Amino acid sequence: MPSDLVVDYLTVEYQSNPMPLDVDRPRFGWQIVSAVRGVRQAAYELRVGTSPDPQKDADPVWTSGRVDSDSSIGIVYAGPDLAPRTRYYWTVRVWAGGDESSTWADPAWWETGLRLADWQARWIEPVQRPAQPEPSVREIIGTGADMLSGAARHDMLNPPQQMRKTFTARAGLTDARLYASAHGIYTAEINGARVGDLELAPETTAYPDFLMYQAYDVTDLIVAGDNAIGFIVADGWWAGRLGMFGTSVSYGDRLALIAQLELRYADGSLEVVATDGSFRSSTGAIRYADLLIGEKHDARLDQIGWTTADFDDISWTSVTVTDTALDKLRAQVGEPVRAVCELPCLATHPTSDQGQIVDFGQVIAGRIRVDFADLPAGTEVRIQHCSVLGPNGDYFDSINGRNNENTDVYIARGGRETFEPRLTYHPFRYVKITGHPGPVAPAAIHAVAISSDLVSDFTFHTSDHRIEQLHSSVLWTLRDNSVSIPTDNPDRERAGWTGDLAVTVATSALYFGINGFMTRYLANLRIEQFDDGTVPMVIPFFKGYRELTSDILHASSSPAWGDVAVIAPWEVYQAYGDQRLLEQSYESGRMFHEYARRTAAGTVTEADRADDDLAAIWRASTFLFGDWLAPSTTEIVDGFYNGFAGPGANELIPTLYYLHSTDILVDLARVLGRTEDETRYRDIAAQVRRGFRKAFIDSDGWLTADTQSSYVLALAFRAAPELDDRFADRLRALIEANNGLLDTGFLATAFLLPVLSEHGLNDLAYSILLTDRYPSWLYMLGHGATTIWEMWRGVEADGTPNRASYAQPGLSTVGLWLGRYAAGIRPLEPGYRRILIHPRPGTGLDWVDGRYRSVRGEITVRWERRDTDLLVAVRIPPNTTASVVLDGARLDEILLDGALLTGHRDVGAAAQDGDRVCVEIGSGAYDFRYPMHHLTSRDPGTGS
Ligand code: RAM
């Protein structure tokens, strides 16, 4: 048996080999791979050392000894304090029910960064014109300026700054590390070679309190003798244009750099090359680089060889050393942004104005790389990016936002040259190229997608290729919107809208490993949260959004948006079992609740006040986005949408979300052992439920807002469980009255299909999934979508695109239903320690194959109809157990591995529960087969 055990997928802080990592007590995780059934880890032993094979380390830094435990995630390092700038290797072996252990896992590692005291570098600033502030949001709206007057003022843009220095390295170098950060975004080179593979570092965080530095292993780039190091720093999030209003100078108007290169020698000595007054600066070929506007590269101005030792920088200027404090520098948290995928050109066609449209077949966030063969010097090539084409097949600017030009410009030096802008990014499936003599050859151009480098955890296949395409579109939508922070879209805003994350975080946690990503985001949230508990609508709270919320909307939050402070930690905990993050987030959730309670109290009417229960609800009189962009409440005028539906249709939403968050806080307080809080939140939730019934359920037992959104959310949040059947009936009636189509926006769409599947309306869920009539997901795909649109009506039936985003996570939550219902995989205990396997076959799909790599290993479910039988193949990893629920099954008819299930020694309890059977299993592979009978009763809701 032990030889069957393989320990693999080693992680530290939920990441693979992170560097730099600045966590005093990092947590380890591993997965056990075994084909044997019922494997449970009985014990583990962990070794940490500083040699690459810690198992053989004679003097290990720490060994856990044999620990009797079935835990394989969140194992806390308990050795001596970790040293800075040190790579620690670790390995683990496990026992599972025998005396013999597994073999030691292939070692993994993490590397610590610098402590504050280890920084010898100082912040340096080149001589520069301060970044120019764009008009404020009040000015833009006050003057009635067209939001689309995007014609960016290029004369306001500054060129990125190049900074360089030469240094000498001795022979005997064993290791070299570069630590760097910037006010702006930077790239680095040593001796003419690119340093690392990160993009857009140091990324976007709540800079004034939290600025990340990155670490690079540059050993191979250093030569004995003379070397040179150089950096380019561009505006990025620090000074550049951000958000819907293209506001600049969110954090500062001067670019700056901090960097420390450490050379370690065989004799144990350490030499440090740090940013100081000896660096020289200049501008170069990049005339401007802005995240929204694009990059302009005049190759005639290339300072060729500027990061080599013999480059002459006599004409460069010296830099200023500033006294900027270093105490806000933090080691990178979570996976960095990288180029994650390259796409070839699929097709090109000419445009009427001598241009060329290039189609990459997929909406991405990223850039192009183009090889120019033989351009005459001075040729100016323009590359415009867009996600959809206009009806005539030409470039279409779908972006309703200022300064959002998304155009790169390249001016040729002459000869063979490659252009790949790295200090901006664009949303696009198509580019329009003008200025190039003749068409660019398809093989010469590629699209490069960038994203936080998250592991993709979920695959989904099914008999209907459109649903596979839907799955792919969800995946790309989330990837395009995981550029450092969870963004609302990669085009108009690229902003961390909180409501979007609140509804999509569970979907993201299924599709990608987002623990580190969310650890970073929630750190931003805690910084940006107001002292009174308010969670701003957008995090990080860029300047334009501060202005928008204070000067225009006169509200900083909206029901369902700020709730992310409670929902996100909870969903991340469900997916990964990360209790530490839960602990770190608890206070923020508690403060949010105080804000919500206070705000709710401010909305109750005089009449409400007489009744304690009514006094506990949240009336819709505060600022409200509501069920954003539900079809019937979205107005579209000349291609522009207005999603502000007013309180009517959204009357219940503030109270429902308040209830939802309070319910989660009950669970959160319970997990963290805060008994008093748990009781308090439970009492508040009970009161809000009573108030909800009094205020929003009429004497006939119907909701006062007779909308799909209201019924979906009331069911999902169990507002009045005793009325669930009635609510489900009404929801069905509303859908039928709407020609069998959905009418939900960002909020309720997340719960629509789950609620239908849970309440005996699974076939209705399938028909909504599978229709291609507007509004539906397949309508989007039928109109060319490769990502999920912001608006159900992104493109009109006749093919005319509207001015909205074409890659917005809001409606991508259907992906969660694919995982949890179509395939039927969900956690019953945090981190999938216990799993619910409850596939919901429905009319329209013949088979489904879903695979999810949980933190404990891969879970797969495949179901398939074979005549009147259903085949269900389940695989769950060691160290987990599952309840498998087989719909339409009769206990005495189920076969496991071809033999009758009843009495099979490999399964635990198996019981009939109405028209389904529930079977308890341990790890391993189980192939069930049974005649599937019609479901007769309503689904009472399993495991929700
Ligand atoms: C839009 C954003 C976001 C949404 C808000 C209400 O501008 O794209 O998706 O949360 O509005």
Side-chain angles (χ1 to χ4, degrees), residues 137 140-141 147-148 242-247 292 363 365 387 398-404 427 477-478 480-483 485-505 507-508 521 525 528 535-542 544-549 552-565 567-568 622-630 633-636 639-647 649-650 653-654 657 709 744-750 787-794 802-813:
V137 174
I140 295 167
I141 293 191
M147 277 286 293
L148 268 177
L242 303 177
M244 175 158 47
F245 298 90
T247 317
L292 294 183
V363 174
S387 303
S398 62
I399 302 177
N400 173 23
R402 283 188 87 249
N403 277 329
N404 218 316
T477 304
L478 297 172
D480 294 350
N481 282 293
S482 301
V483 179
I485 52 168
T487 62
D488 59 336
N489 49 56
D491 39 35
R492 184 183 62 237
E493 306 191 41
R494 309 171 182 191
W497 277 92
T498 48
D500 305 45
L501 178 65
V503 294
T504 57
V505 60
T507 314
S508 294
Y521 188 76
L525 186 149
E528 302 284 30
V535 175
M537 291 172 195
V538 174
I539 289 168
F541 208 13
F542 301 151
Y545 292 102
R546 287 180 191 268
E547 294 174 357
L548 172 72
T549 52
I552 309 297
L553 300 179
H554 304 293
S556 303
S557 192
S558 160
W561 267 245
D563 300 66
V564 76
I567 295 171
T622 47
F623 176 82
L624 189 59
F625 287 125
D627 195 10
W628 191 241
L629 301 182
T633 57
T634 308
E635 218 190 341
I636 301 175
F640 296 92
Y641 72 75
N642 175 9
F644 289 99
N650 293 311
I653 283 178
Y657 261 87
S709 306
T744 51
F746 279 21
L747 306 182
T749 299
T787 37
I788 305 298
W789 300 340
E790 173 177 24
M791 259 197 315
W792 293 109
R793 232 168 100 190
N802 284 310
R803 299 215 185 252
S805 162
Y806 289 91
Q808 186 112 354
L811 303 175
S812 72
T813 42

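Quick caveat, the model's predicted, so the values are computed rather than measured. Counting convention: from 1, in listed order, for ligands and their atoms alike.
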Item to check | Verdict with supporting geometry, W497 and F746, ring-ring contact (aromatic ring centres under 6.0 Å, His included) | outcome: CA-CA 12 Å; W497 277 92; F746 279 21; 9.7 Å; no
Item to check | Whether Y806 and W789 hold their rings parallel, tilted or perpendicular, with breakpoints at 30° and 60° | outcome: perpendicular
Next on the checklist: Applying salt bridge (Lys or Arg N to Asp or Glu O under 4.0 Å), can you list everything that pairs with R494, at least two apart in sequence or on another chain?
Outcome noted: none
Checklist entry - Hey, what's the ring geometry for Y545 with F542, parallel, tilted or perpendicular (30° and 60° as the breaks)? => result tilted
Checklist entry - Per the side-chain hydrogen bond (donor to acceptor under 3.5 Å, both in side chains) rule, which among N489, T477, D480, N481 passes with Q808? => result N489
Checklist outcome for this item: Y657 and D563 have their tightest heavy-atom pair at O-OD2, 3.3 Å
Item to check | Within the protein, residues bringing a heavy atom under 4.0 Å of ligand 1, chain by chain | outcome: D488, N489, R492, E493, W497, D500, W561, F625, W628, F746, E790, Q808
